[in-house]
Asker: 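What follows is a structure written as structure tokens; I'll ask about it next.
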Amino acid sequence: MYDFLVDLDAYFCEKYADYDKITSLPGYRMPKMQTSEVREDGRTYAYTLPANTMRLAKQEGKAELLAELKTRMLDKTFSFSFSPCNIFTRIKNVFSKYAPHKHLKSMLEKYGVTQAAAGENLNIEPEILQGIWKGKFVPTKNLLFSLALTAHWSFEDTKKMMEICYCEFDYTVVKDVVIAYLLHQKVYNRDMIDAALAEYKVTNLFLK
């Protein structure tokens with residue numbers, strides 16, 4: 001478990017991209033963002049380095065900085081309510097093969113999981129869950145993350161499903177970075193998932 005969390009820490013330092021929070025950490029050293037080079041024509045060109053130059057992975061004291069950042073983490077991605085689709089969207093989805101709920105069903109079938117089995121692992125009221133399966137409610141990012149972990153979706157398939165549901169991985173959000181790591185590394189063991197979520201104070205998923 002220790003090595004697993006160390007690996008997660010390294011991934012987080014490489015990917016986390018909320019530069020306002022990173023650069024405000026005590027002890028953070030702002031890197032030089034402007035540089036220049038002499039090219040083949042003999043001229044000197046100045047340019048700005050990419051934003052990822054500011055990531056924790058580039059800092060000498062990244063372990064200490066990450067430890068401080070963890071003390072400030074709070075999951076604000078609250079999503080225990082679901083927005084109902086309007087009547088026009090529901091009518092459109094009846095005839096559209098691109099309807100999110102149809103892709104959601106196909107994704108579960110791809111991984112050999114029925115809707116009933118998927119629901120057993122989710123902390124969602126049965127009537128709301130049925131509404132999601134029937135296309136009455138818009139699937140949220142937290143729902144997709146929960147399904148991806150419990151149904152063992154790949155990172156690539158999760159990303160595709162998110163695009164269909166009009167959302168995406170946002171590496172300025174702690175939760176998104178942690179979930180991306182778990183899916184990239186195919187970490188589906190519940191004890192390991194719980195350890196990762198606890199380490200980074202990730203809450204508000206629908207996992208039972």
Side-chain angles (χ1 to χ4, degrees), residues 3-35 47-80 83 100 103-104 107 138-189 192-207:
D3 289 342
F4 153 70
L5 292 177
V6 168
D7 191 48
L8 170 56
D9 285 347
Y11 181 92
F12 188 88
C13 287
E14 184 63 39
K15 297 294 185 179
Y16 186 59
D18 188 335
Y19 302 122
D20 287 338
K21 290 185 177 179
I22 291 174
T23 57
S24 67
L25 293 170
Y28 180 89
R29 295 187 177 183
M30 190 67 187
K32 182 180 179 182
M33 299 300 293
Q34 298 291 330
T35 190
Y47 59 94
T48 301
L49 294 173
N52 61 20
T53 303
M54 294 185 285
R55 292 185 181 177
L56 288 174
K58 306 291 186 181
Q59 293 285 306
E60 289 185 8
K62 62 182 179 181
E64 293 77 12
L65 291 170
L66 178 58
E68 173 62 26
L69 180 61
K70 286 180 180 179
T71 67
R72 305 181 180 197
M73 289 178 179
L74 178 64
D75 193 348
K76 298 181 180 180
T77 59
F78 185 79
S79 182
F80 285 105
S83 301
H103 279 275
L104 197 55
M107 184 70 77
V138 180
T140 64
K141 182 187 285 191
N142 279 349
L143 171 63
L144 297 178
F145 283 167
S146 301
L147 284 171
L149 293 173
T150 57
H152 300 183
W153 293 354
S154 69
F155 174 82
E156 292 75 16
D157 281 343
T158 303
K159 185 177 179 181
K160 290 177 183 176
M161 193 67 236
M162 291 173 68
E163 291 172 353
I164 291 168
C165 294
Y166 314 109
C167 57
E168 62 183 3
F169 280 97
D170 180 355
Y171 292 97
T172 67
V173 178
V174 170
K175 176 185 292 181
D176 291 38
V177 180
V178 174
I179 299 299
Y181 171 83
L182 295 174
L183 298 179
H184 269 302
Q185 299 301 319
K186 297 180 173 58
V187 177
Y188 304 119
N189 175 277
M192 295 176 73
I193 290 173
D194 288 345
L197 300 183
E199 181 71 15
Y200 281 85
K201 298 181 177 65
V202 174
T203 57
N204 298 331
L205 293 175
F206 296 103
L207 302 176

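What you see is a predicted model; the values in this text were computed from it and never measured.
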Asker: Is any side-chain heavy atom of Leu56 less than 4.5 Å from a side-chain heavy atom of Leu69?
Answerer: yes

Asker: Could you tell me which non-hydrogen atom of Asp176 sits nearest to which non-hydrogen atom of Lys141, and how far apart they are?
Answerer: OD2-NZ, 2.8 Å

Asker: With distance as the sole test, does Tyr11 use its side chain to make a donor-acceptor pair with the main-chain N or O of Val178 at under 3.5 Å?
Answerer: no

Asker: So, do Asn204 and Lys175 sit near enough that their side-chain heavy atoms are less than 4.5 Å apart?
Answerer: yes

Asker: Passes salt bridge (charged side-chain N to carboxylate O under 4.0 Å, His left out), Glu156 versus Lys160? Steps please.
Answerer: CA-CA 6 Å; Glu156 292 75 16; Lys160 290 177 183 176; over 6 Å; no

Asker: Any chance CD of Gln34 has more than 12 other-residue heavy atoms, nucleotides or ligands included, within less than 6.0 Å?
Answerer: yes

Asker: Would you call Val138 and Pro100 a side-chain contact if the rule is heavy atoms closer than 4.5 Å?
Answerer: no

Asker: Determine the minimum heavy-atom distance between Cys165 and Leu144, stating which atoms define it.
Answerer: CB-CD1, 3.9 Å

Asker: Report yes if the side chains of Thr140 and Phe206 come closer than 4.5 Å at any heavy-atom pair, otherwise no.
Answerer: yes

Asker: Please tabulate, for side-chain N and O atoms in residues 192-200, each donor-acceptor pair with protein atoms closer than 3.5 Å (sequence neighbours left out).
Answerer:
unit_1, atom_1, unit_2, atom_2, d
Asp194, OD1, Arg190, NE, 2.9
Asp194, OD2, Arg190, NE, 3.4
Glu199, OE2, Lys70, NZ, 2.6
Tyr200, OH, Asp9, OD1, 2.6

Asker: Which atom pair, heavy atoms only, marks the closest approach of Ala51 to Met33?
Answerer: CA-CE, 4.4 Å

Asker: Does the side chain of Leu149 reach to within under 4.5 Å of the side chain of Leu183, using non-hydrogen atoms?
Answerer: yes

Asker: What residue pairs, at least two apart or across chains, pass salt bridge (Lys or Arg N to Asp or Glu O under 4.0 Å) with a residue in residues 162-171?
Answerer: none

Asker: Please list all pairs meeting side-chain hydrogen bond (donor to acceptor under 3.5 Å, both in side chains) that have one or both residues in residues 18-27, counting only residues at least two apart or in different chains.
Answerer: Tyr19-Arg55

Asker: Can you give me the closest heavy-atom contact between Tyr171 and Lys15, atom names plus distance?
Answerer: CB-O, 3.6 Å

Asker: Enter the distance from Ile22:CD1 to Leu65:CG here, rounded to the nearest 0.5 Å.
Answerer: 9.5 Å

Asker: Would you say NZ of Lys159 has more than 12 non-hydrogen atoms from neighbouring residues, nucleotides or ligands within 6.0 angstrom?
Answerer: no

Asker: Between Leu207 and Thr150, is any pair of side-chain heavy atoms under 4.5 Å apart?
Answerer: yes

Asker: Measuring from atom CH2 of Trp153 to atom OG1 of Thr158, what distance do you get when rounded to the nearest 0.5 angstrom?
Answerer: 6.0 Å

Asker: Restricting to non-hydrogen atoms, name the atom on Met161 and the atom on Leu104 that form the minimum distance, rounded to 0.1 Å.
Answerer: CE-N, 3.7 Å

Asker: Sub-3.5 Å donor-acceptor pair from the side chain of Asp157 to the main-chain atoms of Met107, do we have one?
Answerer: no

Asker: If I take atom NZ from residue Lys58 and atom SG from residue Cys13, how far apart are they, to the nearest 0.5 angstrom?
Answerer: 12.0 Å

Asker: What's the shortest heavy-atom distance between Ala17 and Thr172, and which atoms?
Answerer: O-CG2, 3.4 Å

Asker: How are the rings of Tyr181 and Phe4 set to each other: parallel, tilted or perpendicular (split at 30° and 60°)?
Answerer: tilted

